[in-house]
Amino acid sequence: MKSLSILGATGSIGSTALEIVRQFPDRFTIRALTAKTRVAALAERIVEFRPAMAAVVDAEHASRLKALLPPEVDVEIGFGEAGYVRAATCADTDMVLGAMVGAAGLVPILAAIDAGRDIALANKETLVMGGAIVMEKIAGRGVKLMPVDSEHSAIFQSMAGQGRNGVREILLTASGGPFLKRPLAQFDAITPQEALRHPNWSMGSKITVDSATLMNKGLEVIEARWLFDIDFKRIKVVVHPQSIVHSMVTYEDGAVIAQMGVPDMKGAIAYGLSHPRRLPLDVPAPDFARIGRLTFEEADLERFPCLNLAYRAGEAGGTLPAVLNAANEVAVAAFLDNRLPFTGIYPIIDRTLSGHDAANGADLGQIIEADRWARETALAMIRRQER
Ligand code: NAD
Ligand code: MG
């Protein structure tokens, strides 16, 4: 029996994780559940899974949540960063699933590691911002860090039994998103609605837009650098529109090991939660004869310049990846709000990165300050454009 705290329990990953818990009640129990503002959805999950602790974004949502719960439900409700940290470090928890979106994951995940919890990580932004600190703490505390991102789960599985010995390269596959074939001249007219229509995956809105710009793949390159301790030159991206090969590892003898599956996050989440065991899931294997062909092509960097920004920030290191992430979060939110065109996302991130003084160090305080600075800077640029 493994006890879990799920941070981001109302989202796409969190909901799928709870489906797995529901399916295997003899394997998992829930200790804590968190959300940002969706208190009704969280209340339902609290009633069903009976965690000891829950947390939401602020005091107002905490009292709204409390009002929704029947009196017989006994749950401690916290709010804000302190509340998320309490949920992440809740007593008698074996593993914390980081399934919230964005920079808000960093501090609670670090607290969970400090408290000796194993981590299953979907929240890639945590590793993008603070990869060095996270990995140092993971090693220092001797806890387990399981990737949940499908590509990184695939890489992890492709290294099973072999470790990092003899790895030549990591090949991250990218679907290419909804605009792989749209003429570049029409990119200016892309609407949020179109960007939110991903051809293969059903996910939260932020990561879906990131998949349309390929910034998601850029964030994943940085995530892979930390998870697998490999330099950026040996992490390659290949576009694979069918999303069947979830990623691959090339070894020094030229052998390539890949992990395949249908595009469904259930497999990667379940593997992250139950490794080294595989769970009997209601997920079909790919029907290869029906799929017919798997294709691969190079990523077009003129179409998807955000991918290059991620390599640039990742290679520069320090606080630049945190700046990249924060500027991207602000630009994506503005795009979804119809305040910035799709083609405006890249220049906001590019100019925020260029304006950042990278000469500072990268301890946690400096990372948080860089995140704050980048949000303010990117937002100011967007406001100036609106005038
Ligand atoms: P989502 O938008 O569906 O859900 C996000 C969850 O985080 C919700 O429960 C929400 O309440 C919570 N949340 C949002 N903002 C928050 C904040 N500021 N503070 C605390 N909680 C907050 O997102 P998702 O698609 O489930 O993605 C979650 C994470 O997993 C992201 O980092 C994403 O990149 C990563 N991921 C998702 C998928 C996928 O298939 N959805 C695949 C790989 C990786
Ligand atoms: Mg992914």
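First listed ligand is number 1; within each ligand, the first listed atom is number 1. Being a predicted model, the structure only gives us computed values, none of them experimental.
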Does Leu7 reach the side chain of Tyr84, with side-chain heavy atoms less than 4.5 Å apart? no
Do Ser175 and Ser243 make a side-chain contact, defined as non-hydrogen atoms from C-beta onward lying under 4.5 Å apart?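 Of all side-chain heavy-atom pairs linking Ser243 with Ser175, at least one is under 4.5 Å.
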Can you check whether [Y]'s main-chain N or O pairs, donor with acceptor, with [X]'s side chain at less than 3.5 Å?
| X | Y | result |
| --- | --- | --- |
| Arg225 | Glu315 | no |
| Asp363 | Gly365 | yes |
| Arg45 | Ala9 | yes |

In order of chain and number, which residues sit within 4.0 Å of ligand 1 by heavy atom? Gly8, Ala9, Thr10, Gly11, Ser12, Ile13, Ala35, Lys36, Tyr84, Ala99, Met100, Val101, Ala104, Ala122, Asn123, Lys124, Glu125, Asp149, Met203, Gly204, Ile207, Met265
Is there a donor in the side chain of Gln157 and an acceptor in the side chain of Ser153, or the other way round, less than 3.5 Å apart?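 Ser153 and Gln157 do have a side-chain donor-acceptor pair below 3.5 Å.
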Do Asp371 and Asn325 have side-chain N/O donor and acceptor atoms under 3.5 Å apart?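 On atom types as modelled, these side chains do not qualify, holding no pair under 3.5 Å.
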Excluding water, the protein N, O or S atoms sitting under 2.8 Å from the Mg ion (ligand 2) are Asp149 OD1, Glu151 OE1, Glu220 OE2
Electrostatic pair Glu169:Lys233 at N-O distance under 4.0 angstrom: no
Describe, in one word, how the ring planes of Phe342 and Phe179 are oriented to each other, choosing from parallel (under 30°), tilted (30 to 60°) and perpendicular (over 60°).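 Ring orientation, 0 to 90° scale: perpendicular.
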